[in-house]
Amino acid sequence: MNNPSDSILIELVVTACQMSADNIWMQGNIEIRINGEKPCSDGDIINIGEFLKSLEADGEYFIFSCCCGLPACSGWIQGIQVSHSGEYIEWADLNNTRKWSFNKQKVKDDLGDIRKEVAIYKSFFSRKGIEYVGAGYDW
């Protein structure tokens with residue numbers, strides 16, 4: 001595996017959601033950008049459980065999925081093939097023949113920052129009587 005030549009940015013995107021005047025919450029979602037671009041469609045989601053598992057072991061992971069929860073619905077017939085080599089991680093998109101390589105510690109640092117942000121949001125919103133929910137994963 002080569003040294004990482006791709007940049008990865010993992011961010012928390014918080015959105016206000018409303019079902020009715022008295023049913024409002026804040027929802028947190030993860031967004032990934034590789035080399036400044038999203039590796040999935042705007043309607044796709046990050047499967048946080050799969051993403052976190054992919055940081056620990058080699059294998060094929062459905063990191064990206066349709067918002068309905070079925071990866072194949074948005075064209076993710078195969079997952080992301082993940083390989084680890086020391087401090088580096090490589091992703092191969094088996095559906096679109098794309099490959100990326102980046103520093104695993106950068107990913108873990110970004111996730112650590114997100115966990116801190118979520119704690120701040122949860123505390124802030126709870127004081128205002130607004131629930132904070134993480135889409136698909138409880139941080």
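With values rounded to the nearest 0.5 angstrom, L52 atom CG is found 6.0 Å from L111 atom CG. One distance of note links OG1 of T15 with CE of M26; it measures 7.0 Å at 0.5 Å rounding. Atom NZ in K99 sits 9.0 Å away from atom CG in L94 (nearest 0.5 Å).
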Side chain to side chain contact (heavy atoms under 4.5 Å, CB included) evaluation trace for I63 with W76 = CA-CA 9 Å; I63 296 169; W76 293 99; over 6 Å; no

inquiry  = Checking N29 against Q27 for the side chain to side chain contact (heavy atoms under 4.5 Å, CB included) test, could you report, in this order, the C-alpha distance in whole Å, the side-chain angles of both residues, the deciding distance, and whether it holds?
reply    = CA-CA 7 Å; N29 295 302; Q27 181 170 312; 3.4 Å; yes

request  = Walk me through it: do I10 and I30 pass the test side chain to side chain contact (heavy atoms under 4.5 Å, CB included)?
outcome  = CA-CA 7 Å; I10 304 160; I30 298 294; 3.6 Å; yes

task = Any chance you could lay out the side chain to side chain contact (heavy atoms under 4.5 Å, CB included) test for D113 and R115, step after step, and finish with the verdict?
result = CA-CA 5 Å; D113 291 344; R115 283 187 175 94; over 6 Å; no

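Taking 4.0 Å as the cut-off between side-chain N and carboxylate O, R33 and E31 count as a salt-bridged pair.
With sequence neighbours excluded, the residues satisfying side chain to side chain contact (heavy atoms under 4.5 Å, CB included) with I77 are A72, N95. Under the side chain to side chain contact (heavy atoms under 4.5 Å, CB included) criterion, S20 pairs with D22, N23, sequence neighbours left out. With sequence neighbours excluded, the residues that form a side chain to side chain contact (heavy atoms under 4.5 Å, CB included) with E87 are N103. Residues that satisfy the side chain to side chain contact (heavy atoms under 4.5 Å, CB included) test with S126, not counting sequence neighbours, are absent from this structure. Listed by chain and residue number, K106 satisfy the salt bridge (Lys or Arg N to Asp or Glu O under 4.0 Å) test with D110 (two or more places apart in sequence, or in another chain).
The stretch residues 52-74 participates, sequence neighbours left out, in these side-chain hydrogen bond (donor to acceptor under 3.5 Å, both in side chains) pairs: D44-S74, E50-K53.
At least one side-chain heavy atom of Y132 sits under 4.5 Å from a side-chain heavy atom of V118.
A ring-centre distance under 6.0 Å is found for F102 and W91.
In this structure, the side chain of D6 does not engage the main chain of N35 through any donor-acceptor pair within 3.5 Å.
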